[in-house]
Amino acid sequence: KQEVTQIPAALSVPEGENLVLNCSFTDSAIYNLQWFRQDPGKGLTSLLLIQSSQREQTSGRLNASLDKSSGRSTLYIAASQPGDSATYLCAVLAGNQFYFGTGTSLTVIP
Amino acid sequence: GAVVSQHPSWVICKSGTSVKIECRSLDFQATTMFWYRQFPKQSLMLMATSNEGSKATYEQGVEKDKFLINHASLTLSTLTVTSAHPEDSSFYICSARLAGLNNEQFFGPGTRLTVL
């Protein structure tokens with residue numbers, strides 16, 4: 001069974017810092033990997049989608065990489081802002097099921 | 001991106017009553033929708049996969065007679081929590097998959113259910 005883990009569970013950084021969130025999965029047989037953002041009490045907002053054949057995707061200050069063979073993905077956030085504070089979830093699509101990571105709670109301190 | 005809506009956004013009900021939550025894909029057709037439950041400070045747990053025109057597939061441990069799912073059209077799936085109890089209080093989120101090469105999944109804003 002696919003297991004998705006995210007490290008760290010929580011992270012606090014001062015505004016302006018660059019940061020990296022990590023996601024690992026146990027089975028490399030995935031179709032794609034998605035990074036989401038979740039604000040407290042809200043649903044999920046899709047940030048980036050990486051197909052299994054791709055190595056990275058970029059959107060604005062966000063860059064996500066995928067190393068399928070090692071079962072790892074990273075989400076890089078450049079020049080962090082207080083508005084980036086949220087929980088970040090990664091999820092892999094394997095078979096017909098989405099497997100979610102445990103999430104990283106990010107706080108960007110002004 | 002594609003938009004998924006949920007209604008209601010929050011509901012408070014008495015123990016023993018039934019609650020229906022609607023999930024709609026607003027600008028695309030979704031042959032498959034998913035229902036998740038999220039407890040505080042935990043990740044999303046898949047409850048069931050809903051396919052238009054057929055019976056839902058439930059995950060292990062999810063009671064199909066308690067959580068009734070109806071996927072009547074390509075844009076609407078409903079989750080009915082029957083005879084709700086306080087332990088059913090949770091955040092329920094639906095998602096719809098955009099069929100095609102990307103298989104990107106879009107999530108609704110969630111419904112907060114509180115059972116008194």
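Residue numbers start from 1 in every chain, and the chains themselves are labelled A, B, ... in the order their sequence lines are given, proteins ahead of strands.
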Count the heavy atoms belonging to other residues, nucleotides or ligands that lie under 6.0 Å from [atom1] of [X], then report whether that count exceeds 12.
{"X": "B/H85", "atom1": "NE2", "value": "yes"}
{"X": "A/R55", "atom1": "CZ", "value": "no"}
{"X": "B/L26", "atom1": "CG", "value": "yes"}

>> Donor-acceptor pair, distance only, cut-off 3.5 Å: does the side chain of B/S43 make one with the backbone of A/G101?
In response: yes
>> Whether the side chain of B/Q105 engages the backbone of A/F98 through a donor-acceptor N/O pair (distance < 3.5 Å, no angle test) should be reported.
In response: no
> Would a line drawn from the ring center of B/F107 to the ring center of A/F100 be shorter than 6.0 Å?
Replying inline: yes
> When only pairs under 4.5 Å are counted, which of A/P40, A/G103, A/G43, A/A91 shares the most heavy-atom pairs with chain B?
Replying inline: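 Most heavy-atom pairs under 4.5 Å with chain B: A/G43.
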Quick one: which of [options] has the most heavy-atom pairs under 4.5 Å with chain A, could you say?
{"options": "B/M45, B/E59, B/Q42", "answer": "B/E59"}
{"options": "B/W10, B/Y36, B/F34", "answer": "B/Y36"}
{"options": "B/T57, B/I93, B/L44, B/T49", "answer": "B/L44"}

Is there a chain of hydrophobic side chains (I, L, V, M, F, W, Y, each step under 4.5 Å between heavy atoms) that links [X] to [Y]?
{"X": "B/M47", "Y": "B/I69", "answer": "yes"}
{"X": "A/Y76", "Y": "A/L33", "answer": "no"}
{"X": "A/L48", "Y": "A/V4", "answer": "yes"}
{"X": "B/V11", "Y": "B/Y92", "answer": "yes"}
{"X": "A/L75", "Y": "A/L49", "answer": "no"}

Relative to chain B, which segment of [X] carries a heavy atom at a distance below 4.5 Å: side chain, backbone, both, or neither?
{"X": "A/S46", "value": "side chain"}
{"X": "A/Q38", "value": "side chain"}
{"X": "A/F36", "value": "side chain"}
{"X": "A/L44", "value": "both"}

>> Less than 4.5 Å to any heavy atom of chain A: does that hold for the side chain of B/Q38, its backbone, both, or neither?
In response: side chain
